[in-house]
Protein chains: 2
Amino acid sequence: MATTIKDIAQLAGVSTATVSKVLNRKDAFIGEETRERIRALARELNYTPNSIARSLVTRRSRVLGIIVPDILNPYFTELVRACDDTARLRGYTTILCNSDGIATSEEAHLAFLAGHGVDGIVLAASDVVPNEGLLRELGIPFVSMDREVATLDCLAATVDTDCRSGAMQSAAYLISRGHKRIAFLSGAAESANTRMRLEGFEAAHRQAGLAVDPALVRCGEFQHSFGRRATLELLDGTSFTAICCMSDMLAIGATVALRERGFRVPADCAVMGFDNVYLAPLLDCALSTVDRRIFESGRIAIEALIGFLEDPDPQRTAILLETTVVARETA
Amino acid sequence: MATTIKDIAQLAGVSTATVSKVLNRKDAFIGEETRERIRALARELNYTPNSIARSLVTRRSRVLGIIVPDILNPYFTELVRACDDTARLRGYTTILCNSDGIATSEEAHLAFLAGHGVDGIVLAASDVVPNEGLLRELGIPFVSMDREVATLDCLAATVDTDCRSGAMQSAAYLISRGHKRIAFLSGAAESANTRMRLEGFEAAHRQAGLAVDPALVRCGEFQHSFGRRATLELLDGTSFTAICCMSDMLAIGATVALRERGFRVPADCAVMGFDNVYLAPLLDCALSTVDRRIFESGRIAIEALIGFLEDPDPQRTAILLETTVVARETA
DNA sequence: GTGAAAGCGCTAACAC
DNA sequence: GTGTTAGCGCTTTCAC
């Protein structure tokens with residue numbers, strides 16, 4: 001049986017209220033000696049507050065939920081680590097949920113997190129449009145990262161990457177290296193994320209006086225399996241000298257396909273990634289990519305969320321992160 | 001304000017006790033109509049039980065803690081996903097903690113998890129020896145994965161990979177391919193994990209009538225950065241034709257170093273990994289490695305833990321997972 | 001078949 | 001300065 005506030009109160013000959021005050025540093029009006037006696041006792045008995053009980057009364061759990069499509073995707077792995085580190089520094093815990101990019105799964109997680117009394121939620125990038133009605137009904141403060149979300153009262157912040165510009169930079173870089181027929185690989189065609197990136201991709205072409213061949217555009221998912229599949233299909237159809245991928249995993253998949261067909265990277269076909277995951281420089285042929293400051297974005301998201309939670313009169317923040325091209329070996 | 005059991009009781013004209021019974025399917029002695037009325041109301045009001053309140057009284061949270069050194073390491077990413085998926089299927093949540101392989105950090109997480117009332121803990125592979133005193137004192141059931149841990153009352157299960165045999169298989173495979181001077185890269189030299197693997201490595205040599213050159217053995221950490229550094233050092237000293245790495249990340253680091261120095265893999269130097277992370281087949285030169293069934297081990301660990309928690313008279317289990325060589329391109 | 005009552009460990013008014 | 005009291009939302013005897 002763990003020691004409780006009651007045990008300490010009994011041994012110290014005071015009430016539980018006094019113990020509670022001391023242990024929560026709300027002890028401005030408590031005598032020096034009682035204070036010390038209680039502190040000593042707590043240390044001695046190895047007292048750890050029961051955060052369940054505390055949460056029940058304070059109605060705050062200091063737990064944050066993070067919903068990502070799949071932690072296995074290195075982009076989300078890094079994001080989650082960044083969020084968790086930041087939250088912990090501020091005295092919060094996180095609960096991770098994998099939605100697999102399925103709307104109903106995300107909704108189930110949302111309800112679940114609500115039931116567990118999380119104080120706030122991070123909705124990480126996904127092609128799924130968040131369930132606005134549910135979010136509003138739950139009323140839990142949340143931050144949206146690269147998601148298409150309405151401005152609800154409980155929206156604490158939006159932390160987005162300027163993907164249009166990122167895609168444009170990537171394509172422009174490729175064009176500057178002499179490429180004229182560039183394939184484009186991205187996530188779900190209907191998602192805002194992909195639409196914006198495609199816009200950037202097209203803008204870069206326009207600026208260079210080039211046209212985008214629609215046959216070279218392939219949308220599906222951000223995963224490596226789609227990258228491989230799409231590249232294989234592309235290879236069967238037209239010709240091109242570079243692939244502009246909208247995620248590093250897509251780029252890895254594309255590279256696998258290219259190799260399978262005997263193409264060398266970058267000699268026969270250049271490949272650009274997007275995200276700059278920690279793996280990118282470790283690949284046998286170090287991946288050229290677009291850096292989107294993953295770690296920083298996670299930190300910012302959590303800080304915005306906690307700021308919103310703790311500020312009695314919270315302001316909504318909108319962050320837009322700029323990207324930079326990282327030229328390595330694949331392009 | 002979320003709807004509570006009280007709201008439902010009021011609307012249904014019954015007591016909270018009755019509502020509680022119905023909603024927990026302890027309603028054997030409740031009238032069919034009342035039961036239906038309550039269920040309907042719950043659905044209609046979108047009732048979600050407050051698990052904080054429930055935990056306080058039942059003294060069970062259905063939350064499990066998972067302590068890993070670093071989720072960024074793909075081995076742990078996969079393990080965590082496996083644990084989380086399995087736990088969720090059984091109605092449990094997980095809280096992830098990154099210890100960075102630091103003993104005090106692990107202890108802090110342990111205390112933290114205890115304070116948050118987790119029902120059980122998974123202690124994933126690490127070179128750090130768990131704090132036995134703390135574990136005993138907390139008394140929270142836990143499962144140890146590839147850790148050196150004493151048999152405490154609260155040890156629910158051990159789920160270990162037969163690393164000695166795995167390392168032996170890896171070395172034997174390399175030897176069978178004609179390699180005679182094989183470098184060995186592993187984690188902390190003092191850890192049981194590394195000792196056992198080195199034993200296996202040596203055993204394979206003995207069986208082939210070969211001797212292990214101590215100059216080719218490098219112990220440090222399981223991370224890619226150490227793999228690169230150690231390989232660079234090795235390259236400056238002796239010569240060898242293969243590297244037997246005790247983690248896939250080590251193998252990736254070794255490959256980076258090899259490439260930096262102009263060596264081709266596997267033509268100039270073969271590389272074997274260990275773990276078989278999902279990335280292994282995706283690398284430009286697909287990594288030959290030792291499969292340790294990561295996903296399955298996570299599933300087993302969680303199932304053993306939950307089994308222990310839910311069985312009124314729990315048995316301790318000891319699982320030993322066998323490994324297999326996966327020959328791909330690097331060796 | 002159903003309800004009253006106690007209490008999980010803690011905090012927060014408000015007394016004194 | 002410190003204690004009393006009243007819950008937070010839920011489960012669980014035990015009584016009717």
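Protein chains get the first letters and strands the later ones, always in sequence-line order, with residue 1 at the start of each.
Residues satisfying the side chain to side chain contact (heavy atoms under 4.5 Å, CB included) test with A:S105, not counting sequence neighbours, are A:S99, A:I102, A:H109. When the side-chain hydrogen bond (donor to acceptor under 3.5 Å, both in side chains) test is applied to B:D7, no partner is found at least two apart in sequence or on another chain. Legend: residues meeting salt bridge (charged side-chain N to carboxylate O under 4.0 Å, His left out) with B:E296, ordered by chain and number and at least two apart, are B:R293. By the salt bridge (charged side-chain N to carboxylate O under 4.0 Å, His left out) test, A:E303 is found to be paired with A:R299, residues two or more places apart in sequence or in another chain being considered. Under the salt bridge (charged side-chain N to carboxylate O under 4.0 Å, His left out) criterion, B:R39 pairs with B:D27, B:E36, sequence neighbours left out. A:T18 meets the side-chain hydrogen bond (donor to acceptor under 3.5 Å, both in side chains) test with A:S15; sequence neighbours excluded.
A heavy atom closer than 4.0 Å to some atom of DNA chain C occurs in no member of residues 31-38 of chain A.
Judged purely by atom type and a 3.5 angstrom limit, A:D160 uses its side chain to pair as donor or acceptor with the backbone of A:D146.
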Please write out the pairs of protein N or O atoms and N or O atoms of nucleotides 10-13 of chain D separated by less than 3.5 Å, giving the distance to one decimal.
from   : atom 1 : to    : atom 2 : distance (Å)
D:dC10 : OP1    : B:Y47 : OH     : 2.6
D:dC10 : OP1    : B:N50 : N      : 3.2
D:dC10 : OP2    : B:I5  : N      : 2.6
D:dT11 : OP1    : B:N24 : OD1    : 3.4
D:dT11 : OP1    : B:N24 : ND2    : 3.1
D:dT11 : OP1    : B:R54 : NE     : 2.8
D:dT11 : OP1    : B:R54 : NH2    : 3.2
D:dT11 : OP2    : B:S20 : OG     : 2.8
D:dT11 : OP2    : B:N24 : ND2    : 3.3

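At the heavy-atom level, A:G117 lies nowhere under 4.0 Å from the strands shown. B:G115 comes within 4.0 angstrom of no nucleic acid atom, judged by non-hydrogen atoms across all strands.
B:I8 and B:V19 make their closest contact through CG2-CG1, 3.9 Å (heavy atoms, listed as atom of the first residue, atom of the second, distance).
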Residues 62-70 of chain B, side-chain donor-acceptor partners within the protein, below 3.5 Å, at least two apart:
from  : atom 1 : to    : atom 2 : distance (Å)
B:R62 : NE     : B:G91 : O      : 3.2
B:R62 : NH2    : B:R90 : O      : 2.9
B:D70 : OD1    : A:R81 : NE     : 3.1
B:D70 : OD1    : B:L72 : N      : 3.0

May I have the list of side-chain donor-acceptor pairs in residues 51-58 of chain B shorter than 3.5 Å, sequence neighbours left out?
from  : atom 1 : to     : atom 2 : distance (Å)
B:S51 : OG     : A:G115 : O      : 2.8
B:S55 : OG     : B:S51  : O      : 2.8
B:S55 : OG     : B:R60  : O      : 3.3
B:T58 : OG1    : B:R54  : O      : 2.9
B:T58 : OG1    : B:R60  : N      : 3.3
B:T58 : OG1    : B:R60  : O      : 3.3

Under 3.5 Å, side-chain donor or acceptor atoms of residues 122-144 of chain B against the rest of the protein: list the pairs with distances, not counting sequence neighbours.
from   : atom 1 : to     : atom 2 : distance (Å)
B:S126 : OG     : B:V128 : N      : 3.1
B:D127 : OD1    : B:S191 : OG     : 3.3
B:D127 : OD2    : B:A188 : N      : 2.9
B:N131 : OD1    : B:G133 : N      : 3.2
B:N131 : OD1    : B:L134 : N      : 3.0
B:N131 : ND2    : B:E107 : OE2    : 3.2
B:E132 : OE2    : B:R136 : NH2    : 2.9
B:E137 : OE2    : A:N46  : ND2    : 3.0

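In this structure, the CD1 atom of A:I8 is 14 Å from the P atom of D:dG3, given to the nearest Å. Atom CD1 in A:I30 sits roughly 14 Å away from atom P in C:dA12 (whole-Å rounding). Between the CG atom of A:D7 and the P atom of C:dG9 there is a distance of 9 Å, rounded to whole Å. As rounded to whole Å, 13 Å separates atom P of C:dC10 from atom CD of A:Q10.
For the helix from C:dG1-D:dC16 to C:dC16-D:dG1, the terminal axes (five pairs an end, C1' atoms, rotation from four pairs onto the next four) enclose an angle of 40°, given to 10 degrees.
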